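Below is one structure. I have some questions about it.
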Amino acid sequence: MDITAIITSLLTLMAGIGVFLIACQMMSSNLEAASSEKLKTLFSKASGSKLLGVGIGALGTAAIQSSGATTVMTIGFVNAGIISLAQAATIIYGANIGTTVTAQIVALGMFGGNSVSTSVIFSAFAGLGAFLGVFAKKSSVKILGGILAGFGLLFVGLELMSGSMEAFAALEGVKTFLAGISHPLLLVLLGAVFTAIIQSSSVMTSIALAMVVTGLIGIDQGIFLTMGSNIGSCVVALIAGMTSGTNARRTALIHLLFNCSGVFLFLLAAWGLGWFDLSYGDFFERIFPSAPQVQLAMFHTFFNTTTVLLMLPLTGALVTMVRRLVPAKPVAKEAEFSLRYVDENMLRTPPVAVLQVKREIVRMAGIALSNVDRALEMATELDFAERPLFERRELELNFINRELIAFVVRLSGKSGLGEKDRNYLSGTYRNIRDLERIGDYAENIVEYATALADSHQQFSDDAKYEISQLKTLLHQLYDLAIIAYRNENFAALGKANIVEEEIDDYTQRMEAGHISRMEKGICTPSVGAQYLELSSNAERIADHLINLAKSIRTLKNNK
């Protein structure tokens, strides 16, 4: 056996794997950037029926060419409480179907014979994509270049891997050794271990395709290696789940049990076929003669699709079992505050993470306004029963401010974001600060209320009425600002601007009314000072709310 030839083949295989993985990453990030709006729309509908969940998982994975990213993102959704475990399970089912697209693309690239192979033709896209990426001016063209370059490099890596397999196939010792590895369980185990190491089922499946095409292994050996890759692909989800909350761990376990169940059922069926001297390879060789790459790619699709069809009716039972296997943590151990819609796992799918950031900011705005309501209530009624809740919500606002900005910093550094998403993220820092400042102004109002209570004074009935009207205007502005911000609704922004101007006029009238009451002796100068400060703070709260709505202007040119 030629040691030099073996070492050269191993190094070539490693080079091929490296290029293939980089190609997958390039395609994934650029496809995400190109389809970010569609992805966000797709995953925002993740709370529908089982079939819808399967469709979302399949389409999402096919779009970004990464079942791992889809699964980890789904874990983030569950951890944030956006979707249920059952809904997450169906998305994971769909991701397993979507991931078979890669194998079909790779199989397509293995045709050619004596003519120019499709693999070489597709590899040429790497040069075209690189040319566009270097010389193009528009970001959309650069993204297209990244997609083409990734697509081409996919086949460059495949050519390297296939070349190493051909070299191995020329070594009789290697062929004899591999021919001896025929037990289905051992092949499944090898496929699982190798996939777990490289954390890519696409690479494992592509290597199996290359080995089958070069005659290094038989079709049935390739089939069992591919089945094992499904189990090994669970490692990424397990790592993500173990570092997150209870429901995230349950989701990761669902992924593992689902994939293991499919492998178990197909191994059982293979054992049954063996009694009749039949195998999966026999069937697919008859259906797709003289095309081993198609045989294996089609089995991969058949295997994953059939597993989904078998497991879909059992989703409820699977969720129940997982809940028992992973019991809920005691409440005392949970963090006091947390980000509801944002999770570290979502960084794997940046466009969807952007959508979740917006949801978290809307939630933060709601908390800020609720504290304004409590503050105004304390100022007018001098009832401090809700002060502990007020202080807790203020601490929560500070927590969200700190943690969400940190998350946005990490998200902004990710590839796979379109120009519109990057413009949006650049404005979120001010949005978050605006909402945190609203909480600070609410604190100021509570301090004015405390000063009134300590001096045994209170606002006049006229002042209380004006404050109640101001509160109504603030709520009108908040509703319009949120509609404008959440839906990029410029009509709502126009209406919000009108209400904000009304608040400016109204606070001026409040000041004029206060002066009139002072002249009449209805209120004292010390009470009046607190009233003027309250009016001024309310006007600044309105400014911060309108800032949130106005932030959509930076996105107008990116529609």
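Along the sequence shown, the residues carry numbers beginning at 1. Keep in mind it's a predicted model, so treat the numbers as computed, not measured.
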(Q) Checking R437 against Y441: is there a side-chain donor and acceptor pair closer than 3.5 Å? (A)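 Yes, because at least one side-chain N or O of Y441 sits under 3.5 Å from a partner of the opposite role on R437.
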Q: Taking the side chain as every heavy atom from C-beta outward, state whether Q476 and I503 have any atom pair closer than 4.5 Å.
A: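 Q476 does not reach I503 side chain to side chain.
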Q | Backbone of G316 reached by a side-chain donor or acceptor of T320 within 3.5 Å | A |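 Pair found, side chain donor or acceptor close to backbone of G316.
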Q.
Just verifying a value: how many Å separate Y448 OH and L376 CG, rounded to the nearest 0.5 Å?
A.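 With rounding to 0.5 Å, OH (Y448) is 12.0 Å from CG (L376).
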Q.
Within the supplied structure, the quantity of interest is the number of heavy atoms (other residues, nucleotides, ligands) at a distance under 6.0 Å from K142 NZ; does it exceed 12?
A.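 For K142, atom NZ is crowded (more than 12 foreign heavy atoms under 6.0 Å).
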**Q.** Audit row: I361, Y485, side-chain contact (heavy atoms from CB on, under 4.5 Å) steps and yes/no
**A.** CA-CA 10 Å; I361 287 176; Y485 177 75; 3.3 Å; yes
Q | Whether S370 side chain and I367 backbone form a donor-acceptor pair below 3.5 Å | A |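 Yes; at least one donor-acceptor contact below 3.5 Å.
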Q.
Could you walk me through whether S261 and M311 satisfy the side-chain contact (heavy atoms from CB on, under 4.5 Å) test, starting with their C-alpha distance in whole Å, then the side-chain angles of each, then the deciding distance to 0.1 Å, before giving a yes or no?
A. CA-CA 8 Å; S261 297; M311 294 299 295; 4.0 Å; yes
Q: To the nearest 0.5 angstrom, please state how far the CG atom of L470 sits from the CG atom of L534.
A: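 That separation rounds to 7.5 Å.
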Q | Nearest non-hydrogen partners of F384 and A453, listed with the distance | A |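 Nearest pair, atom of F384 first, then A453: CE1-CB, 3.8 Å.
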Q) Has the side chain of S535 got a donor or acceptor atom that lies under 3.5 Å from a matching backbone atom of Y531? A)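 The answer is no, because no donor-acceptor pair under 3.5 Å joins these two groups.
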Q.
Does either side chain, that of E466 or that of Y506, offer a donor lying less than 3.5 Å from an acceptor on the other one?
A.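 Short answer, no.
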Q.
Please determine whether side-chain contact (heavy atoms from CB on, under 4.5 Å) holds for the pair D479 and I482, giving the CA-CA distance in whole Å, both sets of side-chain angles, and the decisive distance to 0.1 Å.
A. CA-CA 5 Å; D479 291 340; I482 292 300; over 6 Å; no
Q) Side-chain donor-acceptor pair under 3.5 Å between R422 and S426, yes or no? A)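 No pair is found: no donor N or O on one side chain lies under 3.5 Å from an acceptor on the other.
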Q.
Y93: which residues meet the ring-ring contact (aromatic ring centres under 6.0 Å, His included) condition with it, sequence neighbours left out?
A.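 For Y93 the ring-ring contact (aromatic ring centres under 6.0 Å, His included) partners, ignoring immediate neighbours, are F258.
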(Q) When you measure from the side chain of E360 to the backbone of R340, do you find a donor-acceptor pair of N or O atoms at a distance under 3.5 Å? (A)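 Side chain of E360 to backbone of R340, a donor-acceptor pair under 3.5 Å: yes, one is there.
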Q | Crowding at OH, Y465 (>12 non-hydrogen neighbours, <6.0 Å) | A |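 12 or below, so no.
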**Q.** Flag side-chain contact, heavy atom, 4.5 Å: L493 against R553
**A.**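 L493 reaches R553 side chain to side chain.
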Q: Examine distances only and state if a side-chain atom of E488 and a backbone atom of I552 form a donor-acceptor pair shorter than 3.5 Å.
A: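 Such a contact is absent between E488 side chain and I552 backbone.
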Q: For D383, enumerate each residue passing the side chain to side chain donor-acceptor pair (under 3.5 Å) test, keeping only those at least two apart in sequence or located in another chain.
A: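 Per chain and number, D383 pairs via side chain to side chain donor-acceptor pair (under 3.5 Å) with no residue.
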Q: Output the distance between atom CD (E539) and atom CD (E511), rounded to the nearest 0.5 Å.
A: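 It comes to 9.0 Å.
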Q: Quick one: closest heavy-atom pair of G145 and L132, and the distance?
A: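 Nearest pair, atom of G145 first, then L132: CA-CB, 3.8 Å.
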**Q.** Side-chain heavy atoms of L480 within contact of N497, under 4.5 Å
**A.**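 Answer no - side chains too far apart.
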Q) Is there a donor-acceptor contact under 3.5 Å from the side chain of S536 to the main chain of E533? A)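 It does not hold such a pair.
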**Q.** Nearest heavy-atom neighbours spanning A88 and T251
**A.**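 Looking at all heavy atoms of both residues, the closest pair is CB-CG2, 4.0 Å.
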Q.
Assess whether a salt bridge exists between R393 and E396, defined as any Lys/Arg side-chain N lying under 4.0 Å from an Asp/Glu carboxylate O.
A.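 Yes, R393 and E396 are salt-bridged.
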Q. Do I254 and L85 touch side chain to side chain, with heavy atoms closer than 4.5 Å?
A.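 SC-SC contact between I254 and L85 confirmed.
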(Q) Do N537 and N444 pair up side chain to side chain, a donor and an acceptor below 3.5 Å, judged on atom types alone? (A)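 Side-chain D/A pair, N537 to N444: present.
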Q: Please name the pair of heavy atoms, one in S233 and one in T195, separated by the smallest distance, quoted to 0.1 Å.
A: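 Looks like N-CG2, 3.6 Å.
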Q) With a 4.0 Å cut-off, would you call E391 and R387 a salt bridge? A)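 Result for this pair is yes, salt bridge flagged.
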Q: Indicate yes or no: at least one non-hydrogen side-chain atom of R250 is less than 4.5 angstrom from one of R323.
A: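 Side-chain contact under 4.5 Å: yes.
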Q | T428 side-chain N/O to N431 backbone N/O, donor-acceptor pair under 3.5 Å | A |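 A pair under 3.5 Å: no.
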**Q.** CZ (R410) with more than 12 external heavy atoms under 6.0 Å
**A.**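 Above 12, so yes.
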Q) Do the side chains of Y341 and V362 get nearer than 4.5 Å, heavy atoms only? A)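 No, too far: nothing below the 4.5 Å cut-off.
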Q. What do the steps show when you test D440 against E436 for side-chain contact (heavy atoms from CB on, under 4.5 Å), and what is the final call?
A. CA-CA 7 Å; D440 292 343; E436 195 272 335; 3.3 Å; yes
**Q.** Heavy-atom closest pair, residues A496 and L477
**A.**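 So the two residues come closest at O-CD1, 3.4 Å.
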**Q.** Nearest heavy-atom neighbours spanning N96 and N304
**A.**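 Minimum heavy-atom separation between N96 and N304: O-ND2, 2.6 Å.
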Q) Does the side chain of M321 come within less than 4.5 Å of L257's, by heavy atoms? A)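 They are in contact (side-chain heavy atoms under 4.5 Å apart), so the answer is yes.
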Q.
To the closest 0.5 Å, what do you measure between CG (L153) and CG (L148)?
A.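 L153 CG to L148 CG: 11.0 Å, rounded to 0.5 Å.
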Q. Do D454 and T450 have side chains that get closer than 4.5 Å, going by heavy atoms?
A.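 Answer yes - side chains close enough.
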Q.
Donor-acceptor pair, distance only, cut-off 3.5 Å: does the side chain of N371 make one with the backbone of A442?
A.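 Pair absent, no side-chain N/O of N371 close to backbone of A442.
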Q: Drop me the distance from R374's CZ to L369's CG, to the nearest 0.5 angstrom.
A: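 Separation between the atoms: 10.0 Å.
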**Q.** Pairwise distance CD1(I467) to CD(E381) - rounded to 0.5 angstrom
**A.**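 The distance works out to 10.0 Å.
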(Q) Has N487 got a side-chain atom pairing as donor or acceptor with N489's backbone, closer than 3.5 angstrom? (A)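 No, because the side chain of N487 does not come within donor-acceptor range (under 3.5 Å) of the backbone of N489.
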